[in-house]
Amino acid sequence: MDHFNPVETWERDRLQALQLERLQETADRLFEKVPFFRRKLEEAGFKPGDVKSLEDLEKLPFTTKDDLRDNYPFGLFAVPMRDIVRIHASSGTTGKPTVVGYTAQDIQVWADLVARAIVVAGGSQDDVVHVAYGYGLFTGGLGLHYGAEKLGATALPMSGGNTKRQVRMMVDFGSTILCCTPSYALNIAEVMNELGVERGEIKLKSAILGAEPWSNEMRDEIERVLEISAHDIYGLSEVVGPGVSIECVEKKGLHVFEDSFIPEIIDPGTGKVLPPGESGELVFTNINKEGLALLRYRTRDISKLIKEACPCGRTHYRMERITGRTDDMLIIRGVNVFPSQVEMVLMQIPGLAPHYQLVVDRIDNLDILEVQVEVSPETFSDEIKRLEDLERKIRDEVQSYLGVSVKVRLMEPRSIGRSEGKAVRAVDKRRI
Amino acid sequence: MKVRQISVFLENKSGRLLEACKSLAEAQVNIRALSIAETADYGVLRLIVNDPDTAMRVMVENKFTVSETEVIAVEVPDRPGGLAAVLAPLYETNVNIEYLYCFVEKSGESAMVVFRVEKLDEAIKALQAGGYNVMREEDVYII
């Protein structure tokens, strides 16, 4: 199978006609159903029927993560709750997660997008899709799961963790396509090695990897140690979850499924759309979603669009692998972490100096988040056990808030770099 | 009877102990006794010096994190069983020892044991009742 859905290879004219029709329908519907969007569209001078061409898109208002938070939890939903069949959520900056809702139709559309991604990775009905993304509010696990079922493949809902068991199931059940974060794929490879599992004992042929930033070098490594083809998948819960875009066999950019999302690249400072080929902030408009459809959602991810035709035959534009963020968000094992969240927790611990730094490193293929905190005269003690109590307290509080394990390191005063103006709160040492 | 101990937080990176000691040296502060407790990431340097006020000032000026703690210093005979014997009265009166460190006096006839305990007054009473010389602050500083 070359592709799952014929729309993937439609001529651009036909695809763009569909996009316009769907954009018009979406803008008009949001105006009618969601007071927030009505206000924003009115401020931008739009009323139903005003979107005449795809060029009008850049005149429409942006939506941001803050907008989702301000309308927490369901304020931006465009359908009554009785039509919502699924909720997902991701971590937010102030303790309020970003909540997204899906109708039955949305779940079908999403499954179709993920099925396309699995086909890109060589999947068919004959495959066993080993889903080692977390199942839960996070979109990774259930997203891949429904895509595998939609394709008619065999979904293996492993979820994350218990790596030895992952390897055992991989051998016993003959998993052929692995879905997880790239760092976890390397971790699985190592555990295979430790357990003495030979390459011949597993049937793995490809992997669909995402939910954290990675590089082509890391892909080479994964492909080498597991002897598979590794594909980058991109998505974010606000837009749909995994399945917004996927790398084809060419591995030169990720095809954005443009029948469902219109991608734009903007200058994050001015908000202006940038010419093709320039790097900037990636923005998506949902044109095929009922429950929660966002106009020009600012992802804060940095990428660029590739509009040249792709030898794989897909006509949908490609986006370059994500190269960074416009904010200070760190993605650690699929969890979004903002320094401001850590700061809020630290400030609630009496006596702590307001100087801290987050250092992320990848050690043995696992992302380690170290929280460095300066010891103050108030928190310092001549007794090691009291200092260890302090470390433990900080660790427990930060972990329970972020939902990701951290290491705490006490530092001498003034040892954390002070910068002019904006402090450098996060240092990412991962070589990606 | 209580002696002032200065504790310094040291990150586990090369040169930090040297810098701390240099700061004291430049201020003509003489170290009478010291111990270092360490973890993987940092250490705590504990010092008894001849001039605690100057030492505190110098360490703060040099941006070290310091704290002052009261400890007791006891003279014990410098021979086998010396330390074991001095621990007995503390055990009998249920005084918990957080940590201790020892050094030998110049005369070589006795050793000094520095105790960090929570119940300072009870410890002093117990040790004195056991016939031990709990040293006066000024005597410790001039040894």
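A note on names: the letters A, B, ... follow the listed sequences, proteins ahead of strands, and every chain is numbered from 1. Values reported hereafter were calculated over all heavy atoms of this structure, with side chains retained and with hydrogens, waters and symmetry mates removed.
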Apply the test salt bridge (charged side-chain N to carboxylate O under 4.0 Å, His left out) to residues A:Arg386 and B:Glu118: give CA-CA distance (whole Å), side-chain angles for both, the deciding distance (0.1 Å), then the verdict.
-> CA-CA 13 Å; A:Arg386 291 193 198 282; B:Glu118 252 161 40; 3.3 Å; yes
Return yes when atom [atom1] of [X] has more than 12 non-hydrogen atoms of other residues, nucleotides or ligands closer than 6.0 Å, and no otherwise.
| X | atom1 | result |
| --- | --- | --- |
| B:Lys119 | NZ | yes |
| A:Glu198 | CD | no |
| A:Lys407 | NZ | yes |

Give, for atom CD of A:Glu383 and atom OG of B:Ser67, the distance between the pair rounded to the nearest 0.5 Å.
->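 A:Glu383 atom CD to B:Ser67 atom OG measures 9.5 Å (nearest 0.5 Å).
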How many angstroms lie between CD in B:Glu19 and CD in A:Glu412, if you round to the nearest 0.5 Å?
->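 If I round to the nearest 0.5 Å, the distance is 8.0 Å.
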Region of A:Glu388 in contact with chain B, defined by heavy-atom distances below 4.5 Å = both
Should A:Glu391 and B:Tyr42 count as side-chain neighbours, where that means a heavy-atom distance under 4.5 Å?
-> yes
Side-chain contact, heavy-atom cut-off 4.5 Å: B:Asp41 with A:Leu410?
-> no
Of the backbone (N, CA, C, O) and the side chain (C-beta and beyond), which part of B:Thr69 lies under 4.5 Å from a heavy atom of chain A, both, or neither?
->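 B:Thr69 touches chain A through side-chain heavy atoms alone.
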Proximal to chain A - members of residues 2-18 of chain B, heavy-atom separation under 4.5 Å =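 When heavy atoms of chain A are the reference, residues 2-18 of chain B contributes B:Gln5, B:Ser7, B:Val8, B:Phe9, B:Leu10, B:Glu11, B:Lys13, B:Arg16 within the under-4.5 Å range.
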Considering all heavy atoms of both residues, which atom of A:Ile384 and which atom of B:Ala37 are nearest to each other, and what is their separation?
->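 The pair with the smallest heavy-atom distance is CG1-CB, 3.6 Å.
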